[in-house]
Amino acid sequence: MLKINNIGVSFGGVRALNEVSFQTPEIGVTALIGPNGAGKTTLFNVITGFVPPTDGQVSFDGKDITGCEPECVFPLGISRTFQNLNIIPELTLRQNMYLGFIGKENPSALKSMLGINRGYWKKAERLIDEYMEFVNVTEYASMTPDSIPYGVLKNFELGRALLSRPKMLLLDEPAAGLNLNEKDNLAGMVQKIAGEGISILMVEHDMQFISSLAEYVVCLNFGEVIGKGTYKEVRENKEVLRAYLGDEDI
Ligand SMILES: Nc1ncnc2c1ncn2[C@@H]1O[C@H](COP(=O)(O)OP(=O)(O)OP(=O)(O)O)[C@@H](O)[C@H]1O
């Protein structure tokens, strides 16, 4: 589905990614792991068009999307969440949910003002209700983010990313900052989403969370792939262990 071929990214003198290649399975969950600064978020930014690669190609569903900007990548069916919450503080949760439509479908503003495309907005309202329900945030719909628990806001971001009904979902540290109960709930949701045929690529540090979900794992260190395969294969990979634990602990 997603093919990363020889990707390199340089930020001035910093080589953030170097000759990164892997392919995600057609369906299921792929985890992208690696120590801090390994290049995980940079790779997400390359895939979603926020950072153009210096070298290499990205293809999705057989289409070359290298260097495509976010507004071209998103309508192809790639949706994402960010490491930090991307929520407008002045808007209610429900109002923030509308942002999940921007860029996928662009209803005419004039028709909306004249009330000609009511059907579109009815469908949008229905989808918003459905996905807020799915991620268990309905009871917070009319509240602004400052009075909503962090775990709820993380769930909300997942729901908003689903609103565009993507083929692939990129989750940047979805379990970060969640308690055990919240992580369990999130794992259940991720499993359901994957079960519906949406391919998931997630950056995550929580190994227990990864082991319970990911069919395929790719490990980066200093911008390079140092291991890929099943969770078990990667966990037993000496280079991966060295990157996480240091030489003396192996
Ligand atoms: N816009 C930028 N300008 C310059 N250097 C950058 C930029 N973005 C990232 N880097 C550098 O590229 C490298 C990879 O960073 P990146 O954020 O992708 O790592 P990461 O694996 O996501 O780390 P973390 O787990 O801490 O989020 C780091 O050395 C970082 O300092």
Side-chain angles (χ1 to χ4, degrees), residues 2-24 29-58 60 65-71 73-74 78-87 150-151 153-154 157-158 161 168-178 182-183 186-187 190 199-214 216-229 231 234-235 237-246 249:
L2 179 74
K3 199 169 171 193
I4 308 293
N5 182 29
N6 232 359
I7 285 293
V9 173
S10 296
F11 295 113
V14 178
R15 189 73 173 156
L17 293 174
N18 190 42
E19 296 183 3
V20 171
S21 296
F22 66 89
Q23 194 169 340
T24 63
V29 180
T30 301
L32 186 59
I33 64 168
N36 289 338
K40 305 178 297 293
T41 298
T42 302
L43 186 57
F44 263 30
N45 287 337
V46 167
I47 297 165
T48 49
F50 288 87
V51 167
T54 320
D55 322 277
Q57 298 85 35
V58 181
F60 177 65
I65 59 165
T66 317
C68 288
E69 308 232 324
E71 55 269 33
V73 175
F74 181 61
I78 301 181
S79 187
R80 75 176 283 184
T81 63
F82 291 83
Q83 208 167 325
N84 300 314
L85 295 173
N86 245 318
I87 301 176
Y150 181 74
L153 296 177
K154 292 277 279 192
E157 286 222 312
L158 177 63
M168 180 163 216
L169 192 56
L170 271 56
L171 305 175
D172 201 346
E173 301 198 21
L178 301 185
E182 289 168 336
K183 278 183 196 171
L186 175 65
V190 170
S199 175
I200 294 175
L201 176 63
M202 65 174 181
V203 166
E204 192 42 72
H205 288 287
D206 186 319
M207 291 301 170
Q208 207 179 334
F209 189 76
I210 292 168
S211 70
S212 68
L213 288 168
Y216 194 66
V217 177
V218 177
C219 182
L220 291 178
N221 193 28
F222 294 117
E224 301 200 347
V225 175
I226 57 166
K228 52 187 171 185
Y231 176 79
V234 171
R235 198 189 53 189
N237 177 314
K238 283 230 161 76
E239 252 196 280
V240 173
L241 289 172
R242 198 169 291 123
Y244 274 97
L245 301 171
D249 291 308

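All values below were derived from every heavy atom in this structure, side-chain atoms included, with hydrogens, water molecules and symmetry-related copies excluded. Remember, it's 1-based here, ligands and their atoms both numbered in the order they're listed.
- Contact detail for Asn221 and Pro35: the closest heavy-atom pair is OD1-CG, 3.5 Å.
- Shown here is Phe222, whose CZ atom has no more than 12 heavy atoms of other residues, nucleotides or ligands within 6.0 Å.
- Atoms of ligand 1 found under 4.0 Å from any heavy atom of Thr42 (numbered from 1 in listed order, with element): 9 (C), 14 (C), 15 (O), 16 (P), 18 (O).
- Summary of contacts: the protein heavy atom closest to atom 17 (O) of ligand 1 is Thr41 CB, 4.0 Å.
- We find the NZ-CD distance between Lys154 and Glu182 to be 10.0 Å, quoted to the nearest 0.5 Å.
- The two atoms that bring Lys183 and Asp206 nearest to each other are NZ-OD2, 2.6 Å, heavy atoms only.
- Under a 4.0 Å criterion applied to the non-hydrogen atoms of Ala38, ligand 1 contributes the atoms 19 (O), 20 (P), 21 (O).
- Regarding atom 26 (O) of ligand 1, its nearest protein heavy-atom neighbour is Asn36 OD1, 3.3 Å.
- Within the 3.5 Å criterion, the main-chain N or O of Ala16 finds no donor-acceptor partner in the side chain of Thr42.
- The N/O atoms of Gly34, backbone and side chain alike, include none that comes under 3.5 Å of an N/O atom in ligand 1.
- At the shortest separation from atom 12 (O) of ligand 1 among protein heavy atoms lies Ala16 CB, 3.4 Å.
- The minimum heavy-atom distance linking Cys219 with Gly34 is given by the pair SG-CA, 4.2 Å.
- Interface atoms of ligand 1 facing His205, defined by a heavy-atom separation under 4.0 Å, are 25 (O).
- For atom 25 (O) of ligand 1, the closest non-hydrogen atom of the protein is Lys40 NZ, 2.8 Å.
- Within 6.0 Å of CD in Gln83 there are more than 12 heavy atoms belonging to other residues, nucleotides or ligands.
- For the pair Gly37 and ligand 1, the shortest N or O to N or O distance falls below 3.5 Å.
- Atom numbering of ligand 1 starts at 1 in the shown order; those under 4.0 Å from a heavy atom of Gln83 are 27 (O).
- Of the protein's non-hydrogen atoms, the one nearest atom 19 (O) of ligand 1 is Gly39 N, 3.2 Å.
- Looking only at heavy atoms of the protein, atom 6 (C) of ligand 1 is closest to Phe11 CD1, 3.3 Å.
- Within a 4.0 Å radius of atom 9 (C) of ligand 1, the protein contributes at least one heavy atom.
- Considering every non-hydrogen atom in both Leu169 and Ala161, the closest pair reads CD1-CB, 3.6 Å.
- Side-chain contact check for Val190 versus Leu171: some heavy-atom pair is nearer than 4.5 Å.
- Protein heavy atom closest to atom 29 (O) of ligand 1, with residue, atom name and distance, is Val14 CG1, 4.0 Å.
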